[in-house]
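In what follows, a single structure is set out as structure tokens and then discussed.
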Amino acid sequence: NTTHIRLPYTVTPSGGLLTTVPLPGPLQTGGLGLSPDGQWLAVAFPTGVLALVPYSGGTPDTILADPAVLATLPAPSMDGRFTAFSVLIAAPGYRRGDYFRVDRTNGGVAAMIEVQQAAVPESPAISGDGNRLVFTVSSPDTLNPDGSREVFAATVATTPVRLLDFTATV
């Protein structure tokens, strides 16, 4: 890749290259996530588009289109219905460091976890029902004052709410 543009490639289990996944533009920094079953790629573009693409290739399904939102760390659920993400910079209705969830079936974006982190979060994992999220924080912020690597799990309701349950494990 001599252009240094971020391009996703599909590979066989033995490591053989199958193909590049055709996307309608370059990826946002941190803008690629794979579903737990390996069937979906969640991709974020610097244009404010968040889309799901079948891993085997196919037409991207736009699930969010807002030029003010620079989504990052997309994490699709197993069936591709929910995608959790964070944002690189604050935008109206989007605070940097919070997690959001978009529902591909019913539409709309919900504030999933409002943590007011000082640091950008790390890649999350979302449950199939879209109500549980796990992520790590490894830099000092309001959740992790000493900057050690911490694993957090959160359970949320199905409507935009603040954090309902929060536990940290070592």
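In this chain, residues are counted from 1 in sequence order.
- In this structure, R81 forms no cation-pi arrangement with W40, as its terminal cationic atom is not both closer than 6.0 Å to the ring centre and no more than 45° off the ring axis.
- Y94 has its ring centre less than 6.0 Å from the ring centre of F100.
- Annotation: the span from L73 atom CG to S86 atom OG amounts to 6.0 Å, rounded to 0.5 Å.
- When each of I126, V102, I63 is paired with F82, the side chain to side chain contact (heavy atoms under 4.5 Å, CB included) condition holds for I126 and for no other.
- Using a 4.5 Å heavy-atom threshold, the side chains of P74 and L50 count as touching.
- Residues satisfying the side-chain contact (heavy atoms from CB on, under 4.5 Å) criterion with T59, sequence neighbours excluded, are absent altogether.
- Annotation: side chain to side chain donor-acceptor pair (under 3.5 Å) contacts of D66 (sequence neighbours excluded): none.
- Of the inter-residue distances, the one linking L88 atom CG with T72 atom OG1 reads 4.5 Å to the nearest 0.5 angstrom.
- Between L34 and L41, the closest side-chain pair of non-hydrogen atoms falls below 4.5 Å.
- The minimum heavy-atom distance between A91 and A68, with the atom names listed, is CB-O, 3.2 Å.
- The side-chain contact (heavy atoms from CB on, under 4.5 Å) test applied to P46 returns Q28, not counting sequence neighbours.
- Take S77 and apply the side chain to side chain donor-acceptor pair (under 3.5 Å) test, not counting sequence neighbours, and it matches D79.
- Nearest heavy atoms, A51 versus P60: CB-CB, 4.1 Å.
- Between P124 and V134, the closest side-chain pair of non-hydrogen atoms is not below 4.5 Å.
- Of all non-hydrogen atoms in L133 and A84, the two that sit nearest each other are CD1-CB, 3.8 Å.
- For I89, the side-chain contact (heavy atoms from CB on, under 4.5 Å) partners two or more places apart in sequence, or in a different chain, are L70.
- Closest approach of R104 and G80 over heavy atoms only: CD-O, 3.2 Å.
- T83 contributes atom OG1, which lies 11.0 Å from atom CZ of R101 (distance to the nearest 0.5 angstrom).
- One finds the CG atom of L64 at 12.5 Å from the CG atom of D103 (value rounded to the nearest 0.5 Å).
- Remark: S127 engages D129 in a side chain to side chain donor-acceptor pair (under 3.5 Å) (not counting sequence neighbours).
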